[in-house]
Amino acid sequence: RNFLLFQLGDAARIALRPSGTEPKAKAYIEVCSPPCPHGTSDADWLKRCGEVDVLAAKIADAFLLLCK
């Protein structure tokens with residue numbers, strides 16, 4: 001495959017590949033967190049999801065800065 005994978009520790013990675021239809025590259029940011037313990041409240045789950053989203057956005061922003 002035409003993929004470049006950048007492993008960022010144990011919790012994140014970036015997959016970079018060329019577009020199949022356009023002259024550009026596509027980057028996929030993957031961030032994970034430990035599973036929520038049984039009984040986690042909806043509010044705590046949403047908080048954790050928000051933290052993962054913020055981390056993914058920070059990684060994406062930093063990666064784009066490096067690509068310029």
Side-chain angles (χ1 to χ4, degrees):
R1 292 188 192 183
N2 292 332
F3 270 85
L4 290 175
L5 293 175
F6 301 90
Q7 190 67 40
L8 308 173
D10 293 333
R13 72 178 176 176
I14 298 172
L16 186 63
R17 71 167 182 87
S19 172
T21 58
E22 302 172 290
K24 63 181 180 181
K26 294 188 175 192
Y28 300 89
I29 310 297
E30 299 176 7
V31 177
C32 64
S33 67
C36 283
H38 180 70
T40 300
S41 70
D42 289 346
D44 287 341
W45 169 249
L46 290 175
K47 180 182 176 191
R48 183 174 287 194
C49 289
E51 290 167 351
V52 170
D53 289 345
V54 167
L55 179 56
K58 286 180 181 180
I59 291 170
D61 291 343
F63 186 74
L64 288 174
L65 284 174
L66 290 172
C67 292
K68 288 184 177 184

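In this text, all values refer to a predicted model and were calculated from it rather than measured experimentally.
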Here the ring pair (Phe, Tyr, Trp, His ring centres under 6.0 Å) pairs for residues 49-68, sequence neighbours left out, are Phe6-Phe63

Quick note, side chain to side chain donor-acceptor pair (under 3.5 Å) partners involving residues 6-18, not counting sequence neighbours, are Arg13-Glu30, Arg17-Tyr28

Between the NZ atom in Lys26 and the OG atom in Ser19, the distance rounded to the nearest 0.5 Å is 4.5 Å

Applied to residues 43-66, the side chain to side chain donor-acceptor pair (under 3.5 Å) test, sequence neighbours excluded, yields Ser41-Asp44

Problem - Hydrophobic cluster identity match, Ile14 and Leu4, side-chain contacts under 4.5 Å - result: yes

With sequence neighbours left out, the residues meeting side chain to side chain contact (heavy atoms under 4.5 Å, CB included) with Leu55 are Val31, Ile59

